[in-house]
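Single-structure report; data block below.
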Number of protein chains: 4
Amino acid sequence: MTASTATRDRILDAALQLFGEHGFRGTSVAAIERAAGLTPGAGGLYHHFRTKEAVLTEALERHVGRLGALRDIRRLFAGVQDLEVELTLIARYVLAELEAEHDLVQVLVLESRQRPDLVGQTVERLVASSVTEFAAWLVQDWGAPAEQARATAALALASLFSHRLISPTVLSTEEFVTSWVATFGSALSAGSRSPL
Amino acid sequence: MTASTATRDRILDAALQLFGEHGFRGTSVAAIERAAGLTPGAGGLYHHFRTKEAVLTEALERHVGRLGALRDIRRLFAGVQDLEVELTLIARYVLAELEAEHDLVQVLVLESRQRPDLVGQTVERLVASSVTEFAAWLVQDWGAPAEQARATAALALASLFSHRLISPTVLSTEEFVTSWVATFGSALSAGSRSPL
Amino acid sequence: MTASTATRDRILDAALQLFGEHGFRGTSVAAIERAAGLTPGAGGLYHHFRTKEAVLTEALERHVGRLGALRDIRRLFAGVQDLEVELTLIARYVLAELEAEHDLVQVLVLESRQRPDLVGQTVERLVASSVTEFAAWLVQDWGAPAEQARATAALALASLFSHRLISPTVLSTEEFVTSWVATFGSALSAGSRSPL
Amino acid sequence: MTASTATRDRILDAALQLFGEHGFRGTSVAAIERAAGLTPGAGGLYHHFRTKEAVLTEALERHVGRLGALRDIRRLFAGVQDLEVELTLIARYVLAELEAEHDLVQVLVLESRQRPDLVGQTVERLVASSVTEFAAWLVQDWGAPAEQARATAALALASLFSHRLISPTVLSTEEFVTSWVATFGSALSAGSRSPL
DNA sequence: AATGAATGAGCTTTCATTCAT
DNA sequence: GATGAATGAAAGCTCATTCAT
């Protein structure tokens, strides 16, 4: 079972990376086996998973937990006092998470249309809970009006999600973060004074 | 020539839609032929295109021009006087364009990793020019400081690009637009007074 | 009909050459059309021939007549008096004919197994009549014993047919001819004196 | 390994035969599979060979060694004393070899134009070494003058190579051999007395 | 647990042939 | 007489999956 588990994990990691690089259809079972150190094409994968699809499902389940860390925003950044400092920390943290789980993100992007049930729901849940957490933090720690908080949180996260489209071609990550903090910092300040 | 051109166009349209739905690899030539009204599997497509890949290339070329309309921001929305009104128009316009060319956007997202030369460059050019145009508009019409304009424009467009991730699950499009206008409107007002 | 005949002939010539180069199956109708100056793939060939096979049949018929010239040995080389001189002329003539109709020879070689009825019989007839003519010449002009003449003629022609296998790698054509004349010249002299 | 090797060999044998009968292009992978006892069209062949072309290459390599036996002329027929007896043995041996490896010979003939590098060189090497061996035997055992020996050997083998064109239509194999021995026997005798 | 072999279904592409223009 | 378009059939090859060893 020890060896078994090790192989299982190697398969899952290899698969997620390959799925992220070439998509689900673009990745053959043989390629996964090769990347996991098994003989390609010999079907060794099927001792650990019933189908190729099951590999995807389990790989997502296994990795999605980590991205869930986005939900911990409130816990992680409570009590720093200064809005701009905290926003900067959050932006860097979210971008770092997205980067660390880039394979996963890529799979989610690539496969969400093909597997709305499996992947689509995962994405929705992830986005929804992140927004909710972010919004709650804005309300609790910074006294943002509830109506506005959710919308601002959604917008702020939305722009972070598109970071890869902007950086590094159009803007460096640093400039991106600075601008992000300034924009949403000022929006929040303005908002608290006179909510939309 | 009439029938020929008609079939060609039908193939291109069908292909782009299918590529957007199932990706390039996930779309068979037979499926494209069927969607274009040809006998599936009979290879009729090859009377119009040398390879399946050539279909992708031409479909992108043909449709990218339209999305290029994003570059016309300055021309379209000059002279409305009121910042909030103009921003609202812009947001709606960009979202409508993204929606109208959703097949294309989807293909760009799905295939940009597999075909960095063909698709990746297209995306980069599209994003870069949109940001540039938007920034120029901010500077010329609203006196935004040049340094800040580019960063704000990038951020504003980035959040629009992620709209589909947010709406309708988390926020309705209307709420999204309202919030977007408020956020970037206030950021710009604040920015002009005291640039970063 | 004039233009028609011209196109017909161009098709036949182009086809025979291509068949010789790439075989019957290896030559597409489109390739023949292109080589004949028609639009490839447009089926123009079918205004002149019912099928691709018919092109082969007619091309063979048309060209086989020329190779038949091998049968004219007797007429061409009667009365030169000197055996070695005449044999040299014959060798060169046969090799030149084989070279001139090399496309045809190649087709006969390539397709004789696939089409024993069409091609195989042609080859057999060609070989048989050449041998007969050559033997008759040996008997009439050089007094070779009839029993031996046919066998020697067969052997002599057989080695000429393999000339391409030998020249130029192993022997130059000149050396080949010289040796051929010496060999069969001496065989005939020896034979007439003391038949096998 | 047993089953594997058996299937591999069955594929190679089936392929060579089919290539000889219908040529390389005329033989489908499915046909080879069927002839080798695999499910036609299922691609089982590709577990043993990377491409159809690789099957040809390996089949040639595997069988060419046997035809190489033509090079053993000297060793096989040393010391029989009587020229006519030895020539008869040689003729029968070479014809038997050509007959035994008729599939191979046929492939070499059919494909030498399409694949000059793979097949053409094989043929050239085979012919050249046969001629060289035959000539050496003539020189060593029968004192033939070196200049003449090579040319006579080339001619003698050339006529054997064309045997199939002659027999059985024009001459029986027996008559062919008898005539061959007489012709080249007398040429050699004449040659030794008065070399060209 | 891993492998070599096999298979059914699918893929992209080619091609001989037909037909309306 | 020639062309553009279409089609049925088949080609070489890939692949997810199964199974005996």
Side-chain angles (χ1 to χ4, degrees), chain A residues 1-4 6-8 25 27-33 36-53 55, chain B residues 1-8 25-33 36-53 55, chain C residues 1-4 6-8 25-33 36-53 55, chain D residues 1-8 25-33 37-53 55:
Chain A
M1 224 236 242
T2 311
S4 163
T7 302
R8 245 187 96 89
R25 291 183 98 124
T27 304
S28 70
V29 169
I32 300 173
E33 287 171 337
L38 299 181
T39 305
L45 179 145
Y46 291 93
H47 288 283
H48 302 275
F49 303 93
R50 264 172 31 80
T51 63
K52 186 184 168 190
E53 187 111 22
V55 178
Chain B
M1 218 235 248
T2 310
S4 166
T5 300
T7 302
R8 243 188 98 90
R25 292 182 96 127
T27 304
S28 71
V29 169
I32 300 173
E33 287 171 337
L38 299 181
T39 305
L45 178 145
Y46 292 95
H47 288 282
H48 301 275
F49 303 92
R50 262 170 36 80
T51 62
K52 187 184 167 189
E53 188 111 21
V55 178
Chain C
M1 224 237 241
T2 311
S4 165
T7 301
R8 245 186 96 90
R25 293 183 96 123
T27 304
S28 70
V29 170
I32 301 172
E33 288 170 337
L38 299 180
T39 304
L45 178 146
Y46 291 93
H47 287 283
H48 302 274
F49 303 93
R50 262 172 32 81
T51 62
K52 186 184 167 188
E53 187 110 23
V55 177
Chain D
M1 219 233 250
T2 308
S4 166
T5 300
T7 302
R8 244 188 97 89
R25 291 183 97 124
T27 304
S28 71
V29 169
I32 300 173
E33 287 171 337
L38 298 180
T39 304
L45 179 145
Y46 292 97
H47 288 283
H48 302 275
F49 303 94
R50 261 171 38 80
T51 61
K52 186 185 168 189
E53 188 111 21
V55 178

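Lettering of chains follows the sequences in order, A, B, ..., and the numbering in each one begins at 1.
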Please give, in whole Å, the distance from [N] [atom2] to [X] [atom1]?
X: C:F49; N: F:dG1; atom1: CZ; atom2: P; result: 12 Å
X: D:R8; N: E:dA6; atom1: CZ; atom2: P; result: 12 Å
X: D:I32; N: F:dG12; atom1: CD1; atom2: P; result: 8 Å

Note to self: B:L38: which residues meet the side-chain contact (heavy atoms from CB on, under 4.5 Å) condition with it, sequence neighbours left out?
What the structure shows: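 If we apply the side-chain contact (heavy atoms from CB on, under 4.5 Å) test to B:L38, skipping adjacent residues, the hits are B:T7, B:I11, B:E33.
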Next item on the list: List in chain and number order the residues that pass side-chain contact (heavy atoms from CB on, under 4.5 Å) with B:T51, two or more places apart in sequence or in another chain; answer none if no residue qualifies.
Entry: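 B:E53, B:A54.
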Next item on the list: Indicate whether OP1 or OP2 belonging to F:dG4 is found under 4.0 Å from a side-chain N or O atom of B:H48.
Entry: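 So the side chain of B:H48 is outside the cut-off, no N or O lying under 4.0 Å from OP1 or OP2 of F:dG4.
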Notebook entry, point to check: According to a strict under-4.0 Å criterion, is C:T39 in side-chain N/O contact with OP1 or OP2 of F:dT3?
Noted result: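 It does, given that an N or O in the side chain of C:T39 lies less than 4.0 Å from OP1 or OP2 of F:dT3.
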Item checked: Which nucleotides of DNA chain E pair, in dot-bracket form (Watson-Crick or G-U under 3.5 Å, | meaning another strand) -> .||||||||||||||||||||
Item checked: A:T27 backbone acceptor or donor facing A:K52 side chain under 3.5 Å ->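 Yes; judged by distance alone, with no hydrogens or angles, the pair exists.
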Item checked: Residue B:T7, side-chain atoms from C-beta onward, closest of F:dT3, E:dA6, F:dA6 ->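 Looking only at side-chain atoms, B:T7 lies closest to F:dA6.
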Next item on the list: Quick one: closest heavy-atom pair of D:R8 and D:H48, and the distance?
Entry: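 Distance-wise, the nearest heavy atoms are NH1-O, 3.2 Å.
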Check: Between C:G41 and C:A30, what is the shortest heavy-atom contact and its length?
Finding: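 Minimum heavy-atom contact is N-CB, 3.6 Å.
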For nucleotides 12-15 of chain E, print each protein N/O atom paired with a nucleotide N/O atom at under 3.5 Å, atom names and distance only.
{"unit_1": "E:dT12", "atom_1": "OP1", "unit_2": "B:T27", "atom_2": "O", "d": "3.4"}
{"unit_1": "E:dT12", "atom_1": "OP1", "unit_2": "B:K52", "atom_2": "NZ", "d": "2.7"}
{"unit_1": "E:dT12", "atom_1": "OP2", "unit_2": "B:V29", "atom_2": "N", "d": "2.8"}
{"unit_1": "E:dT13", "atom_1": "OP2", "unit_2": "B:Y46", "atom_2": "OH", "d": "2.5"}
{"unit_1": "E:dT13", "atom_1": "OP2", "unit_2": "B:K52", "atom_2": "N", "d": "3.0"}
{"unit_1": "E:dT13", "atom_1": "O5'", "unit_2": "B:Y46", "atom_2": "OH", "d": "3.3"}

